[in-house]
Protein chains: 2
Amino acid sequence: MERNIKVSIIEDDDTIRNGYTFLIGNSEGYEVVSAYCSYDSAAHTIAADKPDVILLDIEMPGINGIDAIPRLKKLLPNAFILILTVYESEKLIFEALGNGASGYLTKNTPSAKIIESIKEVRDGGGPMSINIAKMVIKSFQKNQESPLSKRETQILEQISDGKSRSQIARELFIDLETVRSHIKNIYIKLDVNSRADAIKAARQNRFI
Amino acid sequence: MERNIKVSIIEDDDTIRNGYTFLIGNSEGYEVVSAYCSYDSAAHTIAADKPDVILLDIEMPGINGIDAIPRLKKLLPNAFILILTVYESEKLIFEALGNGASGYLTKNTPSAKIIESIKEVRDGGGPMSINIAKMVIKSFQKNQESPLSKRETQILEQISDGKSRSQIARELFIDLETVRSHIKNIYIKLDVNSRADAIKAARQNRFI
DNA sequence: AATAAAATCCCCCTATCGGGGGGATAATCT
DNA sequence: AGATTATCCCCCCGATAGGGGGATTTTATT
């Protein structure tokens, strides 16, 4: 038989923490090695617990969950972090994932899905609640109603890669003046007058 | 009772297409309104089928699935597109999602999950296979072992926003020469000698 | 066939920028 | 104590960006 998946829980609400501990502890193949009410109280001992997966809340006294992620990663480079929170804000989700969280579940997630997700992160997967997946996918989707033409979009993308006019001209096999002309039109359409502003406007509206 | 979810299938392999048609057609609450073997053959009539969800393959004769997405979106702005393919390449996934696909499943997905995912996209969700979710999440995660210091990372991020040295200096309330100095160090650490190359190297290694 | 939109190229101008070189100093962290 | 980081200073110069003013051709769309 395979060894149990070792889970640590960091969650400030006593009721919820105990609930998860009970739920996971009673699931076949799972084992709760520790449960803390904050990152601060976990910091000194969690490395010794050697969890495979850490269930992490975001709203917490002291160091919040988002900032705890990189610290936990440093203490336990091989542990996977699964965020379990009520927050569905885009900013928090992307910060959490950017900091190294491997999954993001909201607290209305059914017990069975939580148990399944713990296994999934341990196996290198990336479980997400439906709403989270939706936001994540949305973040990839370009705006279909861009005022920019294909060529303009392409050139603006190169500009956002830090390329100069002449570099772009060379790569697209067009004249430097043509690039200039396109950039002028991009600026007019986006109502800006600098690269930085064009990139900002285009990213905000997901034209690139 | 709610009305059936109308599904269109675009898939070139006869066996697979017929298999999906049978599977979905026999599921309670689902209805296959049409099944095509290519985008080209679907183009003229699919709008009249008024599907809620389009199951789309990527490898196909004629216009491929990736390029078909924006066209389908134009024909059926309210339909959701669910990619069902064997490909797990990062490039294809991000292109598909960027073009407007709402979900991405690989062909080893169990039948029940496919049926469930169709409902999920129809409801605005973003279903993904485990491996896909993993890649998507990975794409958000920064490299924890960046050689760049916090300040350097911050400045490189501003550079990737297209900002000039003086602009960065102003925004960070530091001297222009300090910014210059940081950029020099960034270039040394990344072994590059231009903004474009620095951005490229940093993005490739997910330092920013 | 006609109109519009997109893509291509050409000239003027000048202040700013970017990258290469050479340093120094104080603050932090380890 | 030593290393890293963040800050600031000087030199140089060619390339760049953005502001004007245009024109022509190709490609869609009607």
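So you know, we letter chains A, B, ... as the sequences are listed, proteins then strands, and number each from 1.
With hydrogens and angles left out, the side chain of Lys184(B) and the base of dG21(C) share a donor-acceptor pair within 3.5 Å.
To the nearest angstrom, C1' of dT7(D) lies 12 Å from CG of Leu172(B). Separating the CZ atom of Arg180(A) from the C1' atom of dC10(C) is a distance of 10 Å, rounded to the nearest angstrom. For the pair Glu152(B) CD and dA6(D) C1', the computed distance is 9 Å after rounding to whole Å. To the nearest angstrom, P of dA17(D) lies 8 Å from CG of Leu176(A). Atom CD1 of Ile174(A) and atom P of dT8(C) are 5 Å apart (whole Å).
Between dA7(C) and Ser181(A), no contact under 4.0 Å exists linking OP1 or OP2 to a side-chain N or O. For Arg165(A) and dA17(D), the shortest distance from a side-chain N or O to OP1 or OP2 is below 4.0 Å. Phosphate contact (OP1/OP2 of dG18(C), side-chain N/O of Lys163(A), threshold under 4.0 Å): absent. Neither OP1 nor OP2 of dA6(C) sits under 4.0 Å from any side-chain N or O of Asn185(A).
Residues Asp197(B) and Lys200(B) are not paired through a salt bridge, judged by the lack of any N-O separation under 4.0 Å between the basic side chain and the carboxylate.
Checking dG19(C), dT16(D), dA7(C) against the side-chain heavy atoms of Ser194(B) singles out dG19(C) as nearest.
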